[in-house]
Number of protein chains: 2
Amino acid sequence: MTAQQFGAPAGTRPGRRRPTIKDVAAVAGVSRGTVSRVLNGGTNVSPSAMDAVNRAIERTGYVLNRNARSLVTQRAWSVAFVLAEPQERFFEDPNFSTLLRGCTAELGKHDIPLLLATAGTQEERGRVVRFLGSGHVDGVLLVSTHAGNPLLEELSRGDLPVVACGRPMGHERRVAYVAADDREGARDVVRYLRERGRRRVATITGPLDTPGGVQRLEGYRDVVGSDGPDLVAHGDYTQRSGEEAMRQLLERAPDLDAVFVASDLMALGALTALRRAGRRVPEDVAVAGFDDAPIAVGAEPPLTTVRQPMERISAELVRLLMARIAGEEPSAVILPTELVVRRSA
Amino acid sequence: MTAQQFGAPAGTRPGRRRPTIKDVAAVAGVSRGTVSRVLNGGTNVSPSAMDAVNRAIERTGYVLNRNARSLVTQRAWSVAFVLAEPQERFFEDPNFSTLLRGCTAELGKHDIPLLLATAGTQEERGRVVRFLGSGHVDGVLLVSTHAGNPLLEELSRGDLPVVACGRPMGHERRVAYVAADDREGARDVVRYLRERGRRRVATITGPLDTPGGVQRLEGYRDVVGSDGPDLVAHGDYTQRSGEEAMRQLLERAPDLDAVFVASDLMALGALTALRRAGRRVPEDVAVAGFDDAPIAVGAEPPLTTVRQPMERISAELVRLLMARIAGEEPSAVILPTELVVRRSA
DNA sequence: CTGAAAGCGCTTACAG
DNA sequence: CTGAAAGCGCTTACAG
């Protein structure tokens with residue numbers, strides 16, 4: 001019996017038919033059932049059968065057809081990474097790539113492929129919902145910063161396991177999530193600024209419909225109190241918004257001597273505004289960011305910032321998702337941040 | 001006959017069994033074959049049958065099971081986006097996210113999911129090769145800048161359609177690719193610098209085992225000639241390397257009055273070095289980058305640069321891959337760049 | 001511990 | 001234009 005006997009499947013070179021479980025069984029001298037058992041952990045197979053099958057797999061170059069497996073197990077053995085941002089902003093954000101890389105690597109260890117999907121536009125969202133609903137993935141890693149994202153609503157209603165990156169505002173009870181301890185991180189850095197003798201500490205927040213926007217502001221207020229509303233300006237996490245917010249702050253409170261910015265990217269913008277205004281950093285104004293993005297090191301001067309443990313966040317996201325898929329209830333993981341002192345403050 | 005009669009598949013709520021082609025057929029009053037035909041374009045089905053099926057699909061909420069389809073068609077209906085970089089560098093690179101976003105969106109239009117895989121470490125590469133070899137994707141979009149990447153070798157040997165982003169050095173004949181016209185782009189910007197009266201134009205190249213490293217240097221030489229080797233320094237596309245290269249250039253050629261840097265990220269580093277050296281940009285030294293990355297706008301001063309048409313690159317990558325999957329021969333697409341003038345030069 | 005057999009949800013010649 | 005039927009490559013009770 002040669003491979004030629006079988007028709008070559010479309011798209012494959014003739015004579016190169018991929019071996020199936022049947023071929024392995026024939027070579028090993030066992031039944032297909034037995035082969036399948038060793039493929040699935042080897043419970044209830046004798047050492048000798050196990051051995052024969054493994055050798056046969058080796059010899060035939062067999063590789064499992066996941067479609068066939070998925071068809072019967074009703075599991076996709078893959079997960080989706082969904083970026084539910086209305087803007088293209090997130091792709092500019094260094095946190096995004098870090099997270100994506102971390103999750104890809106982490107899932108790779110479990111031999112689970114990551115399907116990337118973006119749901120920026122209305123149209124994309126429809127496609128994504130349809131896709132996710134059609135059983136192609138066992139679960140989804142959801143990145144969506146803004147509160148009230150319709151995708152989060154739709155997903156949390158279905159029975160597809162979801163774990164969110166960052167607190168899913170308004171859905172904390174129903175969807176699992178992992179987040180850095182934004183509030184505590186903000187507290188740390190603002191406390192640090194005060195300890196270094198800064199008296200007029202301003203802040204540039206993220207959007208107030210995002211957890212990072214809200215919580216980092218709360219942390220700031222925990223230390224500074226809520227007096228001096230002139231010391232608070234808002235950005236949208238873009239570099240440009242940081243620059244503009246800093247300009248406003250300097251106008252409203254020319255005597256400020258420090259600023260805590262809710263992201264490194266915005267802090268970069270703030271540095272530009274300060275430079276334009278002729279303020280020296282850190283001599284005149286100390287600047288601290290949040291994230292410890294790669295750009296923090298390259299900034300001039302290098303940024304003092306709050307490090308989010310992105311590797312651990314990725315790992316926990318994947319761990320939680322696997323747990324959800326296995327049937328566990330939603331849970332939350334809050335990870336500690338770390339103050340990283342460089343030259344800017 | 002209620003849904004309850006069937007056992008609920010694992011992981012699904014009881015009573016929520018997903019409708020299959022059989023249910024649709026029953027509701028429409030046709031055979032499963034007919035349903036399948038309308039699902040696959042509707043050739044050879046009467047208008048009335050077509051109608052009945054479509055209504056039945058609507059009514060039952062039917063959604064196709066791709067695993068079942070793939071099992072018989074031997075096609076995965078998905079493609080992989082493989083990042084074959086030894087370093088984590090590429091995730092820092094703004095081009096990467098832009099490309100990834102573009103391809104995701106473009107594939108989305110064809111309703112084809114993108115599987116993201118990284119092959120940075122030896123271990124990951126093994127996993128990726130195994131994965132790609134197991135028929136889970138119909139083709140791969142390969143991003144690998146360095147020549148002699150073992151993954152490119154392995155993939156171009158197999159019969160899986162591959163299209164590379166950027167010239168696959170040493171494999172131009174065997175693998176399809178799309179790239180920006182690096183050489184022409186470099187020529188344009190260097191010519192521009194000369195026209196603006198700059199006489200001592202230096203360059204900072206990318207690694208010389210990458211197409212961007214080689215070709216942008218060639219473009220520079222096309223205009224400047226190959227004299228003055230003291231005006232050429234090499235970087236590795238990181239910001240830090242750009243800073244260091246600029247430092248070296250200033251030491252070797254203190255009289256330089258312009259520098260063409262092979263990437264915006266490195267140009268950022270060059271700006272830092274120039275600032276430290278007390279040179280004004282563009283008054284003392286004009287600086288031009290390459291890419292027109294998002295950071296180019298935020299730089300101080302904003303960067304004059306060469307724009308790579310990333311949207312078109314993504315679209316062409318996907319188009320070429322689809323063509324390859326459909327059986328067409330490998331081909332190459334070279335896309336024109338565009339000079340973007342800002343304040344730095 | 002093992003094999004024979006049913007079945008996962010589709011597609012596609014084949015006959016009509 | 002349509003239906004009956006085989007088959008894609010696996011897993012998993014069921015009997016032994």
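Keep in mind that this is a model prediction, so the values were computed, not measured. A, B, ... follow the sequence lines: proteins, then strands. Residue 1 opens every chain.
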Report which part of the nucleic acid [X] touches: base, sugar-phosphate, or nothing (heavy-atom distance under 4.0 Å, all strands).
X     : result
B:V35 : nothing
B:N40 : sugar-phosphate
B:R32 : base

Let me check something: any side-chain donor-acceptor pairs from residues 316-323 of chain B under 3.5 Å, sequence neighbours excluded? List them with distances.
unit_1	atom_1	unit_2	atom_2	d
B:E316	OE1	B:R319	NE	3.2
B:E316	OE1	B:R319	NH2	2.8

Using atom [atom1] of [X] as one end and atom [atom2] of [N] as the other, report the distance to the nearest whole Å.
X     : N      : atom1 : atom2 : value
A:M50 : C:dC1  : CE    : P     : 11 Å
B:N67 : C:dT11 : CG    : P     : 12 Å
B:R69 : C:dC10 : CZ    : P     : 9 Å
B:R66 : D:dC8  : CZ    : P     : 23 Å
A:R75 : C:dG9  : CZ    : C1'   : 19 Å
A:K22 : C:dG3  : NZ    : P     : 16 Å
A:N44 : D:dA15 : CG    : P     : 17 Å
B:L64 : C:dC8  : CG    : P     : 16 Å

Compare side-chain N and O positions of [X] against OP1 and OP2 of [N] and report whether any pair is under 4.0 Å apart.
X     : N      : result
A:T20 : D:dG9  : no
B:T34 : D:dG3  : yes
B:S36 : C:dT11 : yes
A:Q74 : D:dT11 : no
A:S46 : C:dT2  : yes

Smallest separation among heavy atoms of [X] and [Y], with atom names:
X      : Y      : answer
B:R66  : B:W77  : NH1-O, 3.5 Å
A:M310 : A:L99  : CE-CD1, 3.8 Å
B:H136 : B:S78  : O-OG, 3.0 Å
B:A176 : B:P330 : N-CB, 3.7 Å

Exercise. Between B:V30 and A:A68, name the one whose nearest nucleotide on DNA chain D is closer to the 5' end.
Key: B:V30
Quiz prompt | Pair B:K109 + B:E106: basic N to acidic O under 4.0 Å | solution = yes
Exercise. Kindly point out which of D:dG9, D:dG3, C:dC10 is positioned nearest to the side chain of B:S31?
Key: D:dG3
Exercise. Could you work out which one of D:dG9, C:dC10, C:dT2 sits closest to the side chain of B:I21?
Key: C:dC10
Exercise. Would you kindly compare A:V72 and B:L39 by the position of their nearest DNA chain C nucleotide and give the one closer to the 5′ end?
Key: A:V72
Self-check item: Partner nucleotide, any strand, of C:dT2 [Watson-Crick/G-U, under 3.5 Å]
Solution: D:dA15
